[in-house]
Structures are given as structure tokens and as C-alpha cells.
Amino acid sequence: MKHFLSINDIEHLQQAVHEAIALKKAPYQFDTLGKQKTICLLFFNNSLRTRLSTQKAAMNLGMRVMVMNFGDEGWQLEFEDGIIMDQHKAEHIKEAAQVVSQYCDIVAVRAFAELKDKQEDEAERVLRGFAKYASIPVVNMESSTAHPLQALADAITIEEHQLVERPKVVLSWAPHPKALPHAVANSFVKMMKQHQAEFVVTHPPGYDLNPEITEGCKIVYDQEEALENANFVYVKNWSSYANYGKVLQLDTSWTMTQAKLGNAQFMHCLPVRRNMVVEDAILDSKKSLVTEQANNRTFAAQLVLKRILEAF
Ligand code: CP
């Protein structure tokens, strides 16, 4: 694996999940693999889990870690080719990516969707800019359209907690006061397409994800019907894709409750808004896997970094 930009960059996902679970059991078994190798984590947006878990994963492999909050502290980047840079953007992605490549061996990038212009977000200028101009492997720590490290951690969590061979997994939209990107939901859908499961996506009309991503998936607009006999319920808000980046409604009848969850196990990538997305009683119960998902972020990142280091 050269770059890790999408969950589909992992060949044989199930094998990777088992390898990550083995790393979790013995996290320091490859602690010299990254000796004298440096990873640079560039954040254009906020983070708690991604920042700390990716750093921990790299340290478990013996790597050195540099972190930069690029959004606040870096020069504003220009992405257009051939442009006269006479406005506020001080540095071109071509130089920035090549310069970062001099200081480290792997660069990981977080750059969210702005949710203003679908075409611009789907162009993934920051992530693809680094992948194009850096001379080192690039890792996606959540881009405009994808959060593959989260999806890998979610696959690990499902594998660890599934009690039947082919569980029913439901991805349910939930209300949220702010417009949120589609990245987590997109990568979860892509991951679930490779997992042996009955998979259902449920959301109100108007919240359909990119149809190219959900192609072949069962979509149910009635949440109660979708949740019937579910083993795992993954709750996430996203803004409208068709009416790009808009919050169409705040229908709290879609908030996840204990009654609706039934016997299923609850999943969410975090951060989560209590009693808006999901009620306290679920998060404070044993049915909630959210802390375990966050823990598995370390081993998802460790698996990805290990594979990249092994390919050097
Ligand atoms: N789930 C996740 O990516 O968390 P952070 O945004 O805190 O990194």
C-alpha cells in the first residue's frame, strides 16, 4: 500500500481486521519497524480521537511524530495551477507537499468538506494535492468525502462484538443542529459492502447519500422498520447531499432512544451530541460501543502504518 486514501485501499479487509485485532493484543510486537522513521500529522480541522490515536499508533511502531495544526498555523494554500498568486493565499500545494516530504517519511492529513460547493469538496483538493505532489505516502485522517481510519476501527469493533455470523447492521441518520459532512457515513457504507452482514441504511427523505456510494444498498425511509431485529445500530448525522450541505430539518423523532435500539449494540464515531443524536441512557449503558470504537482507532491506524512501513 503506497497511500491510504480510502477504505478500498486495503486489500482483503477481513484479513486486515484480524491483523488489527492481533496488534491490539500485542501492540508493541513491531516497535522497531518504524525506527528512525517520522510521521507528520497535518490538521486543517479539529480532532481529539484521530490526533491522539494516530500518534499512539505511530509511537507503538517506534516512529517519531510531528503534529501541526495547519489550519491555524500554516500558510493558506493555493491549489489552482497556473494562477497568479496576488490574493491572500501565500503558498502553493506543490511546494508545501514537496517540503513536507523532506521532513518526514509519511504524511497524514485531515481536511474536512466545507459543504459549500459539492464539486469542490468532491475534488478533495487538500488530500489529493498532497497525494499528487508529495513524494511520500499519504494517509487520510478524514477528508471531504471519506474517513477510512474510522471505518476500519468500526469494522474491528463489529468483528469483536458480533454474536452471529451475519449480523444485521443499520446505519441510521440522526438530527443535529449543524451541517455535518458525509465522510463517516460514506466510508462506513463502503466498509459494510465488504462485510458479511445484512446492511440497511435509514434516513428521512432528502438525506440520501451519494447514490454512487450507496449503490446496491438497502435504503429504508421508515426508521422503525429499518431497526427491526438489528444487531448493531450505527447512528450518525449528515447534511443533505442532493441539497448540498443543507440541514433540511431537525426531526427529533429520529433521535436514537433505548426503546428504538432494543437489543442492538450502539455505535457512533464521536464526538456525539447527547440527547440530540442519542439519549443519555444508551451512551451510559453497556450497549454503547463508542469508547471501544475510539480505542480501536489506534489499532486501525497501527495496521495502516504497519502496512505502509512494510512496503518501504
Ligand atoms: N471520530 C473522530 O474522527 O473523532 P475526532 O474528530 O475527534 O478525531
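If you read the sequence from its start, that first residue is 1, and numbering goes on from there. Both counts, for ligands and for their atoms, begin at 1 and track the order of listing.
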Quiz item: Got a sec, which residues hit salt bridge (charged side-chain N to carboxylate O under 4.0 Å, His left out) with E198, two or more places apart in sequence or on another chain?
Solution: none
Self-check item: Y241 six-ring centre to K118 NZ/CZ under 6.0 Å and within 45° of normal
Solution: yes
Exercise. Answer yes or no: is there a side-chain heavy-atom contact under 4.5 Å between H182 and L115?
Key: yes
Quiz item: Where do M66 and C104 come nearest, in terms of heavy atoms and distance?
Solution: CE-CB, 4.4 Å
Quiz item: Regarding K287 and the six-membered ring of F266, is the cationic atom NZ or CZ under 6.0 Å from the ring centre and inside 45° of its axis?
Solution: no
Quiz item: Checking side chain to side chain donor-acceptor pair (under 3.5 Å) against N275, which of T255, T257, T252, D280 comes through?
Solution: D280
Practice problem: Tell me the residues surrounding ligand 1, counting only those with a heavy atom closer than 4.0 angstrom, sorted by chain and number. | Solution: S47, L48, R49, T50, R110, H147, Q150, C269, L270, R297
